[in-house]
Novice: 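So that we are looking at the same thing, I have put the structure below in structure tokens.
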Amino acid sequence: MTTVLDRLNFALHRSMESDERVYVLGEDILDPYGGAFKVTRGLSTKFPTRVLTTPISEAAIVGMASGMALRGLIPVAEIMFGDFVTLVADQLVNHASKFRWIYNNLVRVPLVVRTPMGGRRGYGPTHSQSLEKMFLGVPGLKVIAPNTLGDPADLLAAAISDEDPVLFIEHKLLYTRQLLEAGKADLRDYQVDQTFGDYPTFTMRPTKPAHLTLACYGYNFELARLAALDLIMEHEIFSEIILFSQLSPFNLDPLFQSLERTGKLVTVEEGTISLGWGAELAARSVEKMRGLMVRRVAALDLPVANAKSLEDKILPSVQDIVNAGLYIVE
Amino acid sequence: MTTVLDRLNFALHRSMESDERVYVLGEDILDPYGGAFKVTRGLSTKFPTRVLTTPISEAAIVGMASGMALRGLIPVAEIMFGDFVTLVADQLVNHASKFRWIYNNLVRVPLVVRTPMGGRRGYGPTHSQSLEKMFLGVPGLKVIAPNTLGDPADLLAAAISDEDPVLFIEHKLLYTRQLLEAGKADLRDYQVDQTFGDYPTFTMRPTKPAHLTLACYGYNFELARLAALDLIMEHEIFSEIILFSQLSPFNLDPLFQSLERTGKLVTVEEGTISLGWGAELAARSVEKMRGLMVRRVAALDLPVANAKSLEDKILPSVQDIVNAGLYIVE
Amino acid sequence: MRYNVLAMDDNFTLYKTMLVIRRFEERLLSEFSTGKIVGTTHAYIGQEADAAGIFSVVDTEDVVFSNHRCHGHFLAYGGEAYQLAAELMGKASGLVGGRGGSQHIHWRNFYSNGIQGGIVPIAAGMALAEKERNTGKIVLVFIGDGTLGEGSLYESMNIAALWKLPILFVLEDNHYAQTTPVEKAVAGSMSARFTAFGIPVWERETSDVLEVRSLAMEAAASARSGTGPACLILHTHRFSAHSKGDDPRSPEELARIHKIDPLTIHGLRLATEEFPRAASEVAEIVNNAFDRASLDPFPELCSEY
Amino acid sequence: MRYNVLAMDDNFTLYKTMLVIRRFEERLLSEFSTGKIVGTTHAYIGQEADAAGIFSVVDTEDVVFSNHRCHGHFLAYGGEAYQLAAELMGKASGLVGGRGGSQHIHWRNFYSNGIQGGIVPIAAGMALAEKERNTGKIVLVFIGDGTLGEGSLYESMNIAALWKLPILFVLEDNHYAQTTPVEKAVAGSMSARFTAFGIPVWERETSDVLEVRSLAMEAAASARSGTGPACLILHTHRFSAHSKGDDPRSPEELARIHKIDPLTIHGLRLATEEFPRAASEVAEIVNNAFDRASLDPFPELCSEY
Ligand SMILES: Cc1ncc(C[n+]2csc(CCOP(=O)(O)OP(=O)(O)O)c2C)c(N)n1
Ligand SMILES: Cc1ncc(C[n+]2csc(CCOP(=O)(O)OP(=O)(O)O)c2C)c(N)n1
Ligand SMILES: [Mg+2]
Ligand SMILES: [Mg+2]
């Protein structure tokens, strides 16, 4: 069986093999360690000159990636924990993502910044956050997140081939997850469609007409599926699931199509609720359609505590999604 | 007549006078220059030991402010241009705003970070942004913005007295604006109410029942008033205006009350539209009420160009607000 | 006045302080397998001479900002092992009620946070506050060799030097940042990075707590003298993995550095009968800490900020 | 091969390069009152020897990352005055179509951005790319004394030194950052901040373009030699305000520094008849640039990214 980690690692290997402009840089990424979450494992053995372990200098890592990208290389930078994206905010917002436009399209900046986000591993308040929302809507920056339905390898390869900067968000708990197989296991009861393009959006429609739409990305797709199952089994409520790979720029057509059918939206994410990803989904949906019902499921507006008894209550649960579904349908 | 600049400057003087724990730090804030936008003028002459001009080190400025706040001082830090908040993101998100909660309320962090945001002065892509949206919803951080209706001095004084960290957003074009006087000039045709508390929300109700609600903050209140006037004069459409001083945490009760009356929401802000302030307003409103009509007015999802011909089209205009109002009412 | 017996500065107490740290961290690492602790931790084992030496000379009222590897600092500062253990187990009785965990603790004038580098300007700001409030305190901030990579360190050195702040930068060079050896991460000279800003440096390759102590005494005195910041660079060795299982070092290298054990080095100064006494006193502290903490309740969420 | 006549390295051309910069900036400043230019700008007047000297020795294919005070660098690099003027006026014919303006320009291998410090790691990344692609190019990155305050500079120096990148740090110390004198912003020693990372420094207090030239030649050769980064520190003076009207310096100080005029200093090496020639050739370039640019249309918004 293949895990998300395997596929991400595979994509890095394949990209480095097929294009010698691809460089990987980040903290502690050399073998045998292969990075804090092992995504870069094997790369430095195979491509010793193109895998660069850096000092603890997140801003410089991303700044250097910008410079490399401007001058003919294709850098893939790893930020060890997503919590540290605050340190690269200036490089992403005021440099990498601006250059193409402010230089009147005379340049491209093909860089990827990969980073693990998310909690539930007891890492405490500075190593458990989901801060991607700070970068959603930044002009010129794409934000992409893999999941178990699409192939994370394709997604990462597309990000590496992308001529514009991409922030690639990997939830820590996804790494060990198995990829799903269409038509099998808990996908059996869904018809799965996906949009064309590099960063597909998936639409999962149950066998019966759905009562509501669950929108999610990344690891929360795992929770959303469980919640959908519970809603069917316990309450005979059917959900369509819209699973995004591309978080930003926002392209919500599949969501709108689903909402045409259900009129009810539940968004699911792990970041804190206020001005999270779901806010933009809610806003665009209500701008487009009248009479919608909307409910967002996300973390409480608190830091992620270290103690599991607190973390479990702060981060969204399957039950929270079920409750949102029930609330909105009833 | 009194300008917003006068009042902010006055508040700094008064706070420094009345509490010797108040320190002001930032780049180029000494007299005779008195800061890039003159908000700190006169302070260093009057309080030479408590006004600290710093090197160009935004992260350290805010980091130092945190340390000062943890150890008994009340720092007010100036970041010369709001575009540079990306450089202080780590200090705000992973340090200042977290300490109180992660230390189990054993500490308070009474700091203020003041910074000018906004365009329309031809300063180009790295000196014209409205990036406050990156910090809305950050747990533990308040985001406050003055306007011409409330007294900016009271607001800043409240921020300085606040025991928690406050990011205080000053739109550059507001500085030279005159404060409005209740019942006079273009306030004459409105009944103005405000919430209690340090960071009031204002509700402006026209003499006739309103067709829609305009939500705004800071400088955009200037545009919203003009748009409201145009909507009355040209189209006989009446608007309530809900003017926020506190952007985050989101406390939207006055907005909801207005929406109960109008059912139609137009949000106005100068940041780029996607996942801006208006998104959270739209999301919370639609979560609460069914059948709402919503339209957001904001900047295009592009950098702010230097050329005026481009900047004018990128940033939201009075006409854009009018159009949104017409769209939503018709 | 010390908060507890740990920080008295006779040889026995210095030894005992180091032993408390050693046994605390060992017990902590073992608790991961019992499931009583989740997440991760950064053990101080091997570096005990630094904390024990430094905190035997700084004033108990001085302010400390520590980093991810903070347990040793905290225990040597005089912090209670029980409250720390409770924090690590995520208990309501923990130092900060279970909210912070291993890297984010606070007690009296001791603070820590898990972001490399970001704590340094904060410590500088604290030093400014102590200076302005004429408290006579200095601020100690702890960084590792790897943290020399973070820009905010240099911003802080510059301001601290310009404003003559009473701050002592303590750089513990254990030759590795996680898995990265210092040669791959630090160009030029460590000490020159401080002297370039006009900050005087006290530097030694040592695991002898008495050497650390005398060096720390000088450096702290300088920081306290009103002439501005000082820097203490201690080249040392960490015996355990960086956190859990991330150790790229060869068995030979590990064997070599284990010979430079601060407990062995300082142990030569103790009388034979002091060892069992130290062992039993320390066992009691550590066992009591973990056993007691494990019985405590988990925190409830109070959802308002 | 140079892109244009400005960069030839005889005395006349060096003078002319400096004069183009001087007259361009003067004209630019005057255009604010005509309303043809809005926003702000940072004039290079007084520092012309730096740019003229440096770009008389670096290769035209070398890569440049410049900062907010970039016009002088750009013109000495061989950039066209007309396209720059058009950019400053927000015209479609500007270097980057009016999108960037004064601080955000790009042409061939020349780049600039308006965020202090942030450009330095980018320049280091460019140097890495040139090195890996074996182009033989070096990257020049321009910073001011004030920019020594930004942490990303030190992160970049460290990595550039570790990886032996072909980058030349050019530090133009004009003694002020906006209104802040260097004593209030820079602790310790400027050059030691570079040598601490093992980066060799060439440093001079001079406004003589020939001195700059010979120093730059050595520093650039070092950066190109494969041994890693080099640093050129030039102590100079800016004559105008930082941007517009923000100048805290006394009339005496201004009078004193105006005596150290690179045009006067280098002018001593010109024959009398060369002055009117330089003046008229330069007037033509500058007038043509602004006059032509002012007739060009403004850009239309293409709203897709
Ligand atoms: C900003 C930031 N980057 C990366 C990390 C992850 N991290 C935690 S400890 C560490 C190594 C630190 O090395 P050093 O400073 O030498 O201290 P040591 O662990 O050796 O005591 C790293 C990379 C972090 N916590 N914060
Ligand atoms: C990150 C950042 N902080 C502050 C500024 C505002 N600013 C622009 S130029 C300048 C002074 C720069 O001084 P210096 O580096 O000495 O260069 P000089 O202007 O003297 O050429 C400042 C503070 C900025 N552009 N970017
Ligand atoms: Mg280390
Ligand atoms: Mg300067």
Side-chain angles (χ1 to χ4, degrees), chain B residues 26-38 40 44 51-61 63 79-81 83-88 90-91 119-129 172 272-274 299-315, chain D residues 32 37-41 68 86-92 94 96-105 112-118 143-153 176-182 184-187 241-243 245-248 297-305:
Chain B
E27 296 161 14
D28 297 292
I29 60 173
L30 298 188
D31 291 333
Y33 188 57
F37 293 90
K38 312 301 172 203
T40 58
S44 67
V51 179
L52 306 165
T53 198
T54 68
I56 309 177
S57 312
E58 287 79 8
I61 291 170
I79 298 297
M80 191 189 278
F81 281 84
D83 307 71
F84 313 150
V85 290
T86 48
L87 287 162
V88 312
D90 188 60
Q91 284 298 337
R120 308 184 198 273
R121 288 188 59 156
Y123 286 162
T126 60
H127 290 67
S128 305
Q129 298 167 89
K172 297 181 192 88
T272 54
I273 190 161
S274 290
L300 301 182
D301 282 329
L302 290 176
V304 182
N306 193 73
K308 197 169 156 28
S309 64
L310 301 176
E311 189 183 29
D312 281 349
K313 292 211 175 97
I314 291 167
L315 299 184
Chain D
F32 279 92
I37 309 249
V38 293
T40 193
T41 191
H68 59 291
E87 183 60 35
L88 299 169
M89 290 180 179
K91 297 304 181 82
V96 288
R99 291 180 174 184
S102 173
Q103 304 188 70
H104 319 88
I105 59 177
S112 79
N113 201 10
I115 302 284
Q116 302 287 308
I143 59 173
D145 47 288
T147 311
L148 291 169
E150 289 289 356
S152 58
L153 170 63
Y176 284 90
Q178 201 144 337
T179 67
T180 304
V182 82
K184 282 204 159 59
V186 183
H242 168 70
S243 49
D246 39 3
D247 200 337
F298 292 105
E300 301 284 336
L301 185 66
C302 157
S303 69
E304 99 215 14
Y305 200 86

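Model, not experiment: these values are computed from the prediction. Letters A, B, ... mirror the listed sequences (proteins, then strands); counts begin at 1.
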Novice: Please name the pair of heavy atoms, one in Gly149(D) and one in Pro55(B), separated by the smallest distance, quoted to 0.1 Å.
Specialist: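 The pair with the smallest heavy-atom distance is CA-CB, 4.3 Å.
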Novice: When only pairs under 4.5 Å are counted, which of Gly114(D), Gly94(D), Gly151(D) shares the most heavy-atom pairs with chain B?
Specialist: Gly114(D)
Novice: Hey, could you give me the OG1/CD1 distance between Thr86(B) and Ile115(D), rounded to the nearest 0.5 Å?
Specialist: 6.0 Å
Novice: Between Gln178(D) and Tyr33(B), do the side chains contain a donor N or O and an acceptor N or O under 3.5 Å apart?
Specialist: yes
Novice: Roughly how far, to the nearest 0.5 Å, is the OH atom of Tyr123(B) from the OG atom of Ser243(D)?
Specialist: 7.5 Å
Novice: Please look at Phe84(B) and chain D and tell me whether the side chain, the backbone, both or neither of the residue comes under 4.5 angstrom of a heavy atom of that chain.
Specialist: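 Interface part for Phe84(B): side chain.
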Novice: Flag the one option from Ser128(B), Ala305(B), Pro125(B) with the top tally of heavy-atom pairs under 4.5 Å to chain D.
Specialist: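 When all of Ser128(B), Ala305(B), Pro125(B) are compared, Pro125(B) has the most.
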Novice: Does a side-chain heavy-atom distance below 4.5 Å link Glu300(D) with Leu310(B)?
Specialist: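 Glu300(D) does not reach Leu310(B) side chain to side chain.
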Novice: Do Leu301(D) and Leu300(B) have side chains that approach each other closer than 4.5 Å (heavy atoms only, starting at C-beta)?
Specialist: yes
Novice: Going from NE2 on His104(D) to NE2 on His127(B), what distance comes out if it is rounded to the nearest 0.5 angstrom?
Specialist: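 With rounding to 0.5 Å, NE2 (His104(D)) is 6.5 Å from NE2 (His127(B)).
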Novice: Check each atom of Asp247(D) against the heavy atoms of chain B and say whether the ones under 4.5 Å are side chain, backbone, both or neither.
Specialist: neither
Novice: Output the distance between atom OG1 (Thr179(D)) and atom CD (Glu27(B)), rounded to the nearest 0.5 Å.
Specialist: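 Here the rounded value is 10.0 Å.
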Novice: Atom CD1 in Ile29(B), atom OG1 in Thr180(D): separation rounded to 0.5 Å?
Specialist: 9.0 Å
Novice: Check the pair Asp28(B) / His242(D) against side-chain contact (heavy atoms from CB on, under 4.5 Å), numbers first and verdict last.
Specialist: CA-CA 12 Å; Asp28(B) 297 292; His242(D) 168 70; over 6 Å; no
Novice: Would you say the side-chain atoms of Ser57(B) pair up with the backbone N or O of Glu150(D), donor to acceptor, closer than 3.5 Å?
Specialist: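 Side chain of Ser57(B) to backbone of Glu150(D), a donor-acceptor pair under 3.5 Å: no, none is there.
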Novice: Judged by atom type as modelled, is there a donor-acceptor pair below 3.5 Å linking the side chain of Asn306(B) to the main-chain atoms of Gly98(D)?
Specialist: no
Novice: What is the minimum heavy-atom distance between Ser309(B) and Phe298(D), and which atoms define it?
Specialist: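 In this case the closest contact between Ser309(B) and Phe298(D) is OG-CB, 3.6 Å.
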